[in-house]
Amino acid sequence: MTAECKPQLPNAKPSHTGPLAGEAITRSTFDQVMVPNYAPAAFIPVRGHGSRVWDQAGREYIDFAGGIAVTSVGHTHPKVVKALTDQANKIWHVANVLTNEPALALAQSLVEKTFAERVFFCNSGAEANEAALKLARKVASDNFPSSGAMHGETEKCEIVACLNSFHGRTLFTVSAGGQPKYSQGFGPLPGGIRHVPFNDIAALTAAVSDKTCAVIVEPIQGEGGITAATKEYLHAVRELCDKHQALMIFDEVQSGAGRTGSLYAYMNCCAVPDILTTAKGLGGGFPIGAMLTTEKWATHFGVGSHGTTYGGNPLACAVSLAVLDIVSAPETLKNVNLRHDQFFMALNEMNRKYNVFKEVRGQGLLIGAELVEKWAGRGKDFVAACAKQGLLILIAGPNVLRFAPSLLITSEDVEQGMKRFDSAVADLLASETSVAA
Ligand SMILES: *Cc1c(COP(=O)(O)O)cnc(C)c1O
C-alpha cells in the first residue's frame with residue numbers, strides 16, 4: 001500500500017493556529033507564531049530614544065537593561081543612525097570572497113585600541129567564542145600533532161572553563177559554559193572540556209596541564225550573577241597558560257566595549273589574553289561579534305579553515321565603528337564610572353530602607369544586586385514590579401537583579417529610574433505584607 005501524497009497548500013493547517021497576516025500584532029501573537037523558548041513581557045516596545053523606551057500603548061520606560069548590555073550608546077543615537085543610513089545607501093553585503101571598507105576600518109580601529117593584531121568578524125557572542133575555541137584547538141593540532149589521529153586530533157585538546165560561566169548557545173559554547181541547565185537534553189556534547197570552580201586558583205592549577213589547549217574565562221561573569229574574577233585569578237590563568245603553552249581566552253562579550261569603565265576589562269587587570277571575544281555592546285543593537293587575537297595565533301586560521309556568510313557585513317561594521325568611536329571616548333568611560341558610583345549609592349541607600357539586597361556588586365555599568373534569603377529566587381517579581389512603574393531592569397540568574405544601561409545614561413535618568421525602582425520595591429513589599437496578613 002502506498003500512502004497517497006496530496007499536495008499541501010502552504011497554509012494547510014488548522015485555522016486556530018495563527019492570526020492572519022495583517023491582523024493587529026499583540027503579545028498573544030507571540031504565542032501563536034513563535035517557538036516558545038522565550039517568555040517576553042506583556043508589553044511590546046515600539047520606539048526608543050536615549051535611555052527611554054515607549055510601548056504600543058505609548059507608556060514610557062526608563063531603560064536600565066540596555067537590551068541585556070547591548071544598547072551601549074542608548075537608542076537611536078544620531079551618530080549611529082547616520083552611520084547606518086549612510087551605509088544603507090552605499091552597499092549592504094558582498095560576502096567574504098570580497099572585502100569591504102567598513103569591516104577593514106572597524107578592524108583597524110580595534111587593532112589600534114587593543115592588544116589585538118588580527119580580527120575575525122561574526123554575528124554574535126556565541127559565534128565569537130566558537131571561533132576562539134576552534135582556533136585554540138587548531139593551534140594545538142598544528143603545533144602538537146598526534147600521530148595517526150583522525151581529523152588531525154591532538155591529545156592537547158582540553159579546554160578548561162569555569163563553573164557558572166556563560167559562553168553562548170551553540171553546542172560547543174553551551175558545553176564550555178559552566179551551567180548544566182543550558183546543555184541538558186542536547187547530548188551527546190562535544191568532549192574535552194573540564195570545568196573548575198571560578199576564582200579558585202588551586203583547582204585551576206590542578207586542572208591545567210600539557211593537555212590543555214585553552215582556558216576560557218569571563219573577567220566578570222555576567223549571566224552567572226555579575227561576579228568579577230579576582231586580579232590574582234586572572235594572573236594565575238595567564239601564568240598557567242604560559243607554563244603549559246595553552247591559549248588564554250577572555251570572553252568579553254558582555255564586559256567589553258566600555259561596559260566596565262575601560263574599553264575592555266582586561267585593561268583593568270593587566271593580564272593580556274591571547275584571544276578576546278566581543279559582541280553585545282560592540283554593535284549597540286546591530287548584530288555583530290568579533291574575535292581578536294595576535295598575528296602569531298591568527299596564522300593558524302588559514303584560507304578556508306573557518307568562516308561565516310554575514311561576518312564583516314558592511315552595515316554591521318559601519319554601525320559598530322560609530323559605536324566603538326563613542327564608547328572608547330574618555331568622556332564616555334568617565335560617565336560610566338560616575339554613573340557606577342551613582343547606582344551604588346542609590347542601591348545601597350535603598351537597601352538601608354528595604355533590606356532586600358545581600359550584596360551590591362559589579363564594575364562600571366554592569367551591576368548586580370543579590371537578593372537576601374527571604375527574596376531568593378524572586379528576581380522575576382522585581383523585574384515585573386519595575387515594569388509596572390515604567391522601568392526596565394534585568395536579572396542574572398534567579399537571585400540577582402542586573403543593571404546594564406546605556407554607557408551614556410544621564411544622571412537625571414539614573415535618578416528618575418531609581419525613584420521608579422524605589423516605588424517598585426515598596427509596592428512589592430507592600431503586596432507581600434498584605435498577602436501574609
Ligand atoms: C551573551 C553572552 C554570550 C553569548 O552571546 P550571543 O550574542 O547571545 O551569542 C557569550 N558570552 C557572554 C559572556 C555573554 O554574556
Side-chain angles (χ1 to χ4, degrees), residues 35 37-38 40 65-72 120-136 159 161-179 181-183 186 193 195 198-199 214-229 233-234 237 248-260 264-266 268-269 273 275-292 308-313 316 319-320 323 362-368 394-397 400 402-405 407:
V35 168
N37 61 316
Y38 304 114
I68 315 198
V70 165
T71 50
S72 48
F120 167 78
F121 288 122
C122 51
N123 317 289
S124 68
E127 282 172 89
N129 285 327
E130 185 82 19
L133 297 171
K134 279 181 72 180
L135 178 59
I159 289 156
C162 292
L163 289 173
N164 226 27
S165 65
F166 183 81
H167 299 301
R169 303 294 198 115
T170 64
L171 203 54
F172 199 0
T173 56
V174 90
S175 306
Q179 300 187 59
K181 67 177 179 190
Y182 292 131
S183 56
F186 298 111
I193 300 165
H195 289 103
F198 188 50
N199 272 337
V215 178
I216 182 167
V217 60
E218 292 164 89
I220 170 164
Q221 287 190 338
E223 305 307 303
I226 318 297
T227 317
Y233 189 69
L234 296 175
V237 175
M248 178 179 184
I249 304 171
F250 269 7
D251 178 349
E252 293 226 32
V253 169
Q254 189 155 168
S255 63
R259 175 88 14 218
T260 65
Y264 284 94
Y266 83 85
N268 294 326
C269 74
I275 302 177
L276 181 150
T277 56
T278 172
K280 289 203 167 88
L282 182 64
F286 203 102
I288 187 168
M291 178 190 73
L292 315 185
T308 165
T309 297
Y310 266 115
N313 171 271
V319 167
S320 182
V323 170
Q363 294 172 356
L365 286 175
L366 186 54
I367 295 168
L394 298 163
I395 51 174
V400 179
R402 171 170 37 168
F403 306 89
L407 308 187

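Each ligand, and each atom within it, is numbered from 1 in the order the structure gives.
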(request) Give the atoms of ligand 1, by number and element, whose distance to some non-hydrogen atom of Asp251 is under 4.0 Å. (result) 10 (C), 11 (N), 12 (C), 13 (C)
(message) Regarding ligand 1, does Gly125 bring an N or O atom to under 3.5 Å of one of the ligand's N or O atoms?
(response) yes
(request) Report the part of Lys280 (side chain from C-beta onward, or backbone N, CA, C, O) that has a heavy atom under 4.0 Å from ligand 1; answer both or neither where that applies. (result) side chain
(request) For atom 8 (O) of ligand 1, state whether the nearest protein heavy atom is under 4.0 Å away. (result) no
(message) Regarding ligand 1, does Ala126 bring an N or O atom to under 3.5 Å of one of the ligand's N or O atoms?
(response) yes
(message) Under a 3.5 Å distance rule, please check whether Glu252 uses its side chain to pair with a backbone N or O of Tyr266 as donor and acceptor.
(response) yes
(message) Just to be sure I read this right, does ligand 1 sit under 4.0 Å from the backbone of His167, its side chain, both, or neither, counting only heavy atoms?
(response) backbone
(request) Examine the proximity of ligand 1 to Thr173 and report which part, side chain or backbone, both or neither, has a heavy atom under 4.0 Å away. (result) neither
(message) Using only atom types and a distance under 3.5 Å, with no angle test, would you say the side chain of Gln254 pairs donor to acceptor with the backbone of Ile68?
(response) no
(message) Could you check whether Asn123 and Thr308, counting side-chain N and O atoms only, form a donor-acceptor pair closer than 3.5 Å?
(response) yes
(message) Can you name the atoms of ligand 1, numbered from 1 with element, that are less than 4.0 Å from a heavy atom of Glu218?
(response) 13 (C)
(request) Look only at the side chain of Asn199 and the backbone of Ala228, and say whether a donor-acceptor pair between them is shorter than 3.5 Å. (result) yes
(request) Using atom types as modelled and distance alone, determine if a side-chain donor or acceptor of Arg259 lies under 3.5 Å from a backbone N or O of Leu365. (result) yes
(message) If we ignore hydrogens and angles and just use 3.5 Å, is the side chain of Ser320 paired with the main-chain N or O of Leu282 as donor and acceptor?
(response) yes
(request) Output yes when a side-chain donor or acceptor of Thr278 lies under 3.5 Å from a complementary backbone atom of Ala290, and no otherwise. (result) no
(request) Looking only at distances, please establish whether an N/O atom of ligand 1 is found under 3.5 Å from an N/O atom of Gln254. (result) yes
(request) Give the atoms of ligand 1, by number and element, whose distance to some non-hydrogen atom of Asn129 is under 4.0 Å. (result) 10 (C), 11 (N)
(message) Below a 4.0 angstrom heavy-atom separation, can you tell me which part of Ser124, side chain or backbone, both or neither, approaches ligand 1?
(response) both
(request) Go through ligand 1 atom by atom and flag the ones less than 4.0 Å from a non-hydrogen atom of Gly168. (result) 4 (C), 10 (C)
(request) Step through it carefully: locate the ring centre of Phe250, locate the ring centre of Tyr264, and say whether they are under 6.0 Å apart. (result) no
